[in-house]
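Okay, structure first, notes after.
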Amino acid sequence: MSRAFDDLGPYGGPRVSDAGPWPTEPESISPSVRSTPMPIAAIATALAADDAEERRQAAARLGRADVAEALPLLMRALGDPDWRVRKEATYACHRLIQASSPPAAEGERPAAPPAGAEGERPSAAQVLVGALLDALRTSDDVGLRNAAIEVLGYCGRDATPALVGALAELKGDERKLVLDALGRTRDPAALDALYAALAEKDDNLRQSAIEAIAGMGLIARERVTDILYERLGDRDRFVRLTALNGLNGLEAPVPWRVLSQLIDDPILRPAALVAAALAESPEAPRALVAALATARGGAFAQLVRALARLVEGPLASHAVDALRAAPQEVGARLVQAAAASPGAGAAEPPSWRGLGADPVSGRAQALVLAAMARAPGAADAAVQAMIEPALVETAQRALGLLGGEALPAVLAYLERHIDPDPDLWEGLDDATAALIDGAVAIAEQRGREGAPAQPPQPPQPAADPTLDELLGAVRRSVKSPSTLVATSALYGLAKIGTADDFPLVVSQTRAISLPVARAAESALAGLSERYPESARALARRLMQAGETHLAAAIVIEALGTADQEEIAFLTGVASVGDVRARRAAVTAVAAAAGVSALEVLSLSLADEEREVRLAAARALGRLYASLSDRAGDERARARELLSLVRASGEPELVAAAAQGGAPFRSDPPWGEAGDRLSAPVSIDGGEGPVSTSGMSGGPPSGKVL
């Protein structure tokens with residue numbers, strides 16, 4: 001792999017990124033040690049100690065010394081036998097370079113200091129460059145040479161002219177080291193010398209040059225991209241590989257006519273597959289899909305990743321077409337890979353091992369591709385993946401892609417897992433609830449696709465045997481011991497249930513589990529909107545028994561209209577029913593009776609239960625927002641009640657009214673009365689009228705808020 005993408009020691013990341021701040025130094029040495037001056041003689045003595053840690057501590061202090069005085073000691077520390085001492089010495093050099101460089105604007109690299117004029121003191125970078133190049137010329141110490149290259153990179157632009165000159169002067173391995181140092185300077189001016197080195201006969205030099213060029217991708221993107229494109233046809237395979245990796249790092253698309261010549265080379269294939277995911281030719285997905293039939297191990301994983309990226313981009317339709325036109329064994333291998341287990345009759349299961357493939361993400365990508373290919377067994381694999389938390393979202397997406405084809409697999413699972421025994425639900429309720437949600441969504445989609453342009457009454461799911469079977473499974477799930485499954489089933493009935501489901505849903509509004517009861521309320525409202533005639537007759541029956549008053553109020557609210565008998569019923573329930581029934585009645589009477597409900601809302605704003613008060617405030621805000629300016633008296637009365645809400649000192653009550661639509665901030669009356677409404681309020685605790693500062697009047701009931 002190209003060193004342009006390897007760890008570069010003290011650099012904060014791969015050199016393909018632009019020059020930025022230097023990384024934080026290790027904390028193994030206290031900052032006080034690095035910042036406390038120490039006599040050079042004492043440092044020299046410590047650097048001669050036998051203990052490597054003592055030498056490292058001494059090297060750390062060189063970063064605060066005078067560079068000219070400390071230069072011999074720096075060179076000694078850079079050549080120390082212990083790598084930790086050498087590394088600390090490189091940090092010391094970096095601190096010296098920073099200290100002598102002028103500060104740069106935020107987001108910019110420090111500018112190179114001008115070359116010292118005659119009599120001027122040279123900068124730390126200039127002093128170090130000369131000494132380090134001399135070390136490259138004269139020393140055979142590998143540790144010193146490597147440390148010298150690192151520090152020359154720190155010197156940046158200051159080192160470029162001297163390095164270019166040394167490149168023409170030196171021979172052998174020293175030239176390769178100089179090319180490496182030129183790349184580490186991250187100076188665009190070094191590109192000319194690096195490009196010229198690509199004409200050398202020595203392949204080692206050419207490989208070092210292309211690595212250095214690729215590492216400057218984001219510093220001189222246009223020039224580097226041109227050079228890398230040019231080198232995709234180089235005679236040296238390593239140069240081609242590094243150039244391709246560099247283009248991938250820049251996410252620069254490579255023409256398919258070029259890629260197609262590289263993808264068959266085992267050495268170049270991994271990088272070529274990454275490039276194929278960035279390609280802009282419809283030929284790319286067809287070639288990748290064809291390769292899936294025989295690829296193994298890491299190559300298979302790379303093909304899957306490349307295709308997964310293609311299906312998220314502009315070539316998505318071409319990739320899907322290629323997957324659906326592929327031989328059956330391609331889909332079978334994708335399903336097998338997604339399931340991570342050998343299938344019946346499979347010769348060899350694809351492996352996610354090798355080349356850094358992540359089995360979980362690889363399986364997720366394979367599952368989506370299998371669903372796009374409509375591969376046999378993809379639905380079963382998606383259902384099975386639903387049990388694994390890391391694959392739930394992917395499994396839901398796969399089921400959505402498969403649509404109606406997935407329903408038999410989902411139904412088979414539900415038949416196995418819908419059971420009254422709570423022990424059977426352990427660890428499976430999340431998956432079962434998610435499968436119910438997914439199956440209901442598929443059924444809804446099928447209903448929309450098969451509905452005429454002007455649909456008459458709500459569709460009847462029983463017309464399709466598969467949907468009828470799904471509806472039966474959802475109905476059985478409503479009484480599941482799992483709260484998650486029961487709530488999912490109730491929400492599902494709201495979408496695909498029939499008028500026959502009213503009794504089942506009404507019974508669940510009295511469930512012991514509050515989440516189930518709330519879900520039943522929503523389901524009852526949904527069914528009432530879809531089957532209004534049946535719901536109206538149901539409401540009349542529910543009004544007769546106290547235990548079903550809550551359900552009756554929910555149905556009337558969903559219908560949106562009410563006759564005098566129903567309004568009288570809601571008015572009575574709003575004051576004497578249980579808490580949930582009162583809350584539902586308050587909301588329903590405001591929706592069905594309009595301004596005539598203001599009296600009920602006034603009373604409910606003083607209810608002893610917070611839930612009822614919040615419902616009344618929300619309904620009042622919604623009612624006020626629906627009134628036009630012509631409804632003068634009613635609008636004024638509603639505004640008076642809202643003023644009391646605002647003056648009540650209950651933030652939750654005010655927020656509920658605002659959520660309903662009360663324009664506390666934008667409506668002129670609130671702006672004019674802002675000071676009065678925000679003043680302290682004196683509230684009588686008895687049944688007498690409310691006394692407020694600067695405001696008269698109160699609810700007709702005489703009750704306080």
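Owing to the predicted nature of the structure, the values given are computational and were not obtained by experimental measurement.
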Original post:
Is there side-chain contact between Q98 and Y154, with heavy atoms separated by less than 4.5 Å?
Top reply: no
Original post:
Are E53 and V85 close enough, and set up right, to give a side chain to side chain contact (heavy atoms under 4.5 Å, CB included), and what steps lead you there?
Top reply: CA-CA 8 Å; E53 181 59 26; V85 179; over 6 Å; no
Original post:
Taking all non-hydrogen atoms of both residues, which atom of R137 and which atom of A166 are closest, and how far apart?
Top reply: NH2-CB, 4.4 Å
Original post:
Looking at side-chain heavy atoms only, is the closest gap between M216 and L191 below 4.5 Å?
Top reply: yes
Original post:
To the nearest 0.5 Å, how far apart are CG in L71 and CD in E69?
Top reply: 11.0 Å
Original post:
Out of curiosity, L402 CG to M372 CE, how far, rounded to the nearest 0.5 Å?
Top reply: 10.5 Å
Original post:
Is the closest side-chain heavy-atom distance between L288 and I263 below 4.5 Å?
Top reply: yes
Subject >> Nearest-0.5 Å distance, CG of residue D141 to CG of residue L136 >> reply: 11.0 Å
Subject >> Atom pair CG/SG of L74 and C93 - distance to nearest 0.5 Å >> reply: 4.5 Å
Subject >> Result of checking R55, R86, R56, K87 against D80 for side chain to side chain donor-acceptor pair (under 3.5 Å) >> reply: R55
Original post:
Between R84 and E54, is there a side-chain N and carboxylate O pair less than 4.0 Å apart?
Top reply: no
Original post:
Any chance CG of D173 has more than 12 other-residue heavy atoms, nucleotides or ligands included, within less than 6.0 Å?
Top reply: no
**OP:** Answer yes or no: is there an ion pair linking R231 with D236, defined by an N-O contact shorter than 4.0 Å?
**Re:** no
**OP:** Show your working on side-chain hydrogen bond (donor to acceptor under 3.5 Å, both in side chains) between E150 and Y91 and close with a plain yes or no.
**Re:** CA-CA 10 Å; E150 200 167 305; Y91 288 129; over 6 Å; no
Subject >> Where A162 and V129 come nearest, the two heavy atoms and their spacing >> reply: CB-CG1, 3.5 Å
**OP:** Give a yes or no on whether the backbone of L167 and the side-chain of R175 come within a donor-acceptor separation of less than 3.5 Å.
**Re:** yes
Subject >> Residue pair V224 / L218, side-chain heavy-atom distance below 4.5 Å >> reply: no
Subject >> Chi angles and distances behind the side chain to side chain contact (heavy atoms under 4.5 Å, CB included) call for L163, L133 >> reply: CA-CA 8 Å; L163 287 170; L133 285 176; 3.8 Å; yes
**OP:** Report the C-alpha separation of R333 and V304 in whole Å, then their side-chain angles, then the decisive distance to 0.1 Å, and conclude whether the side chain to side chain contact (heavy atoms under 4.5 Å, CB included) test is met.
**Re:** CA-CA 11 Å; R333 298 192 90 218; V304 168; over 6 Å; no
**OP:** Indicate the atoms forming the closest heavy-atom contact of P188 with I219, along with that distance.
**Re:** CG-CG2, 3.4 Å
**OP:** Without swapping roles, check the side chain of R237 against the backbone of I267 for a donor-acceptor pair under 3.5 Å.
**Re:** no
Original post:
Thinking salt bridges, do R257 and E283 make one under a 4.0 Å N-O criterion?
Top reply: no
Original post:
Does any non-hydrogen side-chain atom of V164 lie less than 4.5 Å from one of T160?
Top reply: yes
Subject >> Validation row: S123, D158 side chains within 4.5 angstrom (heavy atoms) >> reply: yes
**OP:** Considering only NZ, NE, NH1 and NH2 on the basic side and carboxylate oxygens on the acidic side, decide whether D202 and K171 come within less than 4.0 Å.
**Re:** no
**OP:** Please report the shortest heavy-atom distance between A364 and T394, naming the atom on each side.
**Re:** O-CG2, 3.3 Å
**OP:** Find out whether L152 and T185 are in side-chain contact, i.e. whether some heavy atom of one side chain is under 4.5 Å from a heavy atom of the other.
**Re:** no
Original post:
From L62 CG over to R76 CZ, what is the distance, rounded to the nearest 0.5 angstrom?
Top reply: 9.5 Å
**OP:** For the pair R95 (side chain) and A60 (backbone), establish whether a donor and an acceptor sit closer than 3.5 Å, ignoring hydrogens and angles.
**Re:** yes
Subject >> Neighbour count above 12 (heavy atom, 6.0 Å) for E230 CD >> reply: yes
Subject >> Spatial distance of atom CG (L170) from atom NZ (K176) [nearest 0.5 Å] >> reply: 14.5 Å
Original post:
If you look at every heavy atom in A65 and I40, which pair is closest and at what distance?
Top reply: CB-CD1, 3.9 Å
Original post:
Does the side chain of Q207 pick up a donor-acceptor pair with the side chain of E211 at under 3.5 Å?
Top reply: no
Subject >> Heavy-atom side-chain proximity of T242 to I213 below 4.5 angstrom >> reply: no
Original post:
What pair of heavy atoms forms the shortest contact from A382 to A398, and how long is it?
Top reply: CB-CB, 4.0 Å
Subject >> Side-chain donor-acceptor contact under 3.5 Å, D180 with S208 >> reply: no
Original post:
Does the side chain to side chain contact (heavy atoms under 4.5 Å, CB included) test come out yes or no for H94 and V151, once each step is laid out?
Top reply: CA-CA 7 Å; H94 173 235; V151 176; over 6 Å; no
